[in-house]
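Lettering follows sequence order; numbering is per chain, from 1. A quick note: this is a predicted structure, and the numbers were derived from the prediction, not measured. Note that these values count all heavy atoms, side chains included, but never hydrogens, waters or copies made by symmetry.
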Amino acid sequence: AQKITQTQPGMFVQEKEAVTLDCTYDTSDPSYGLFWYKQPSSGEMIFLIYQGSYDQQNATEGRYSLNFQKARKSANLVISASQLGDSAMYFCAMREGGDDKIIFGKGTRLHILP
Amino acid sequence: GAVVSQHPSRVICKSGTSVKIECRSLDFQATTMFWYRQFPKQSLMLMATSNEGSKATYEQGVEKDKFLINHASLTLSTLTVTSAHPEDSSFYICSCQRGTQYFGPGTRLLVL
């Protein structure tokens with residue numbers, strides 16, 4: 001079974017609109033961390049935001065926020081006021097328990113339209 | 001965030017040759033580094049975990065004799081693709097652990 005599921009292979013969004021990228025995860029470990037990374041066409045992986053399983057509040061970083069719904073095992077990324085530069089691949093990822101490894105989802109390609 | 005570099009950024013080699021890729025953490029010491037490969041339009045696949053001063057831990061299905069990893073210091077890990085073949089052509093990316101993982105810019109390998 002997939003640990004991280006991103007059901008949207010591609011999305012097209014008008015500039016300045018808000019975007020929600022879906023991510024669901026599967027783990028039996030009570031302690032885990034969830035990440036979102038952005039990968040532009042250059043290939044570099046840019047860390048966006050982190051949510052710990054015990055964090056009480058949803059993580060926010062500037063225009064990025066993570067909609068963490070623990071019971072549903074979802075960790076959707078919300079980008080407010082999208083910009084052309086937000087066009088990229090976005091990966092959801094998870095780290096379980098004391099393991100250092102990060103497991104990635106298949107990604108969502110986001111296209112921001114002018 | 002932490003700065004991680006990779007060298008070279010691109011490499012083209014002939015089939016049968018070996019290629020070494022370096023991953024450096026520039027502003028912190030990393031006891032653990034990770035090596036991933038990414039095929040076009042696919043996700044990152046973890047190849048191995050590189051531990052300073054000890055043998056790397058390879059993921060299932062990754063040939064340790066083909067992908068040699070050396071983590072000789074707290075700031076440097078190297079991945080050597082031995083006897084490279086066209087199917088090894090891929091994007092190789094490393095990351096360093098410092099709380100979260102910080103990624104290098106990646107190395108595009110093309111084997112002719």
Side-chain angles (χ1 to χ4, degrees), chain A residues 2-11 21-25 31-53 55 59 61-62 64 66 75 87-111, chain B residues 1-11 21 23 25-26 28 30-52 54 56-60 62 71 77 89-110:
Chain A
Q2 284 189 19
K3 291 276 189 178
I4 296 287
T5 303
Q6 293 180 253
T7 58
Q8 306 151 310
M11 286 186 70
L21 303 180
D22 295 341
C23 174
T24 58
Y25 58 92
S31 175
Y32 54 90
L34 298 158
F35 304 79
W36 277 93
Y37 287 87
K38 172 184 178 181
Q39 187 180 41
S41 56
S42 59
E44 61 184 312
M45 292 289 285
I46 302 168
F47 166 73
L48 296 178
I49 198 167
Y50 170 81
Q51 179 85 43
S53 59
D55 293 344
E61 289 287 348
Y64 304 108
L66 200 151
S87 295
M89 278 291 287
Y90 288 81
F91 291 98
C92 180
M94 178 174 67
R95 182 171 66 201
E96 294 176 283
D99 201 345
D100 288 335
K101 296 190 296 186
I102 288 182
I103 303 164
F104 285 85
K106 293 188 176 182
T108 295
R109 180 164 293 281
L110 176 63
H111 303 268
Chain B
V3 180
V4 180
S5 71
Q6 271 185 251
H7 177 81
S9 58
R10 294 175 182 269
V11 57
I21 302 170
C23 176
S25 59
L26 299 182
F28 70 101
T31 55
T32 303
M33 294 185 179
F34 302 89
W35 286 98
Y36 296 83
R37 68 186 296 181
Q38 184 182 28
F39 291 109
K41 299 184 180 180
Q42 294 190 23
S43 187
L44 278 72
M45 184 195 81
L46 179 65
M47 299 174 67
T49 302
S50 172
N51 303 296
E52 189 269 336
S54 65
T57 304
Y58 289 82
E59 294 299 302
Q60 191 173 10
V62 178
H71 194 154
S77 176
S89 298
S90 187
F91 186 61
Y92 293 86
I93 189 165
C94 71
S95 70
C96 299
Q97 180 86 353
R98 187 188 191 186
T100 187
Q101 284 191 25
Y102 293 92
F103 286 82
T107 297
R108 295 193 186 277
L109 170 64
L110 177 61

message: Just checking His7(B): does its NE2 atom have more than 12 heavy atoms from other residues, nucleotides or ligands closer to it than 6.0 angstrom?
response: no

- prompt: Under a 4.5 Å heavy-atom cut-off, does chain A meet the side chain of Leu46(B), its backbone, both or neither?
  reply: side chain

field: Structural part of Glu59(B) lying under 4.5 Å from a heavy atom of chain A
entry: side chain

Where [X] and [Y] come nearest, the two heavy atoms and their spacing:
X	Y	value
Tyr37(A)	Gln101(B)	OH-O, 2.8 Å
Tyr36(B)	Ile102(A)	OH-O, 3.7 Å
Ser43(B)	Lys106(A)	CB-CA, 3.8 Å
Ile93(B)	Met45(A)	CD1-CG, 3.6 Å
Gln39(A)	Phe91(B)	NE2-CE2, 4.0 Å

message: Please identify which of these residues, Thr32(B), Thr49(B), Thr31(B), meets the side-chain contact (heavy atoms from CB on, under 4.5 Å) condition with Asp100(A).
response: Thr32(B)

field: Pairing residues for Glu96(A) by the salt bridge (Lys or Arg N to Asp or Glu O under 4.0 Å) criterion, not counting sequence neighbours
entry: Lys3(A)

From [X] atom [atom1] to [Y] atom [atom2], the distance as rounded to the nearest 0.5 Å:
X	Y	atom1	atom2	value
Phe34(B)	Lys101(A)	CZ	NZ	9.0 Å
Arg95(A)	Gln97(B)	CZ	CD	5.0 Å
Gln38(B)	Phe91(A)	CD	CZ	5.0 Å

- line: Those residues at least two apart in sequence (or on a different chain) that pass ring pair (Phe, Tyr, Trp, His ring centres under 6.0 Å) with Tyr25(A) are Tyr32(A)

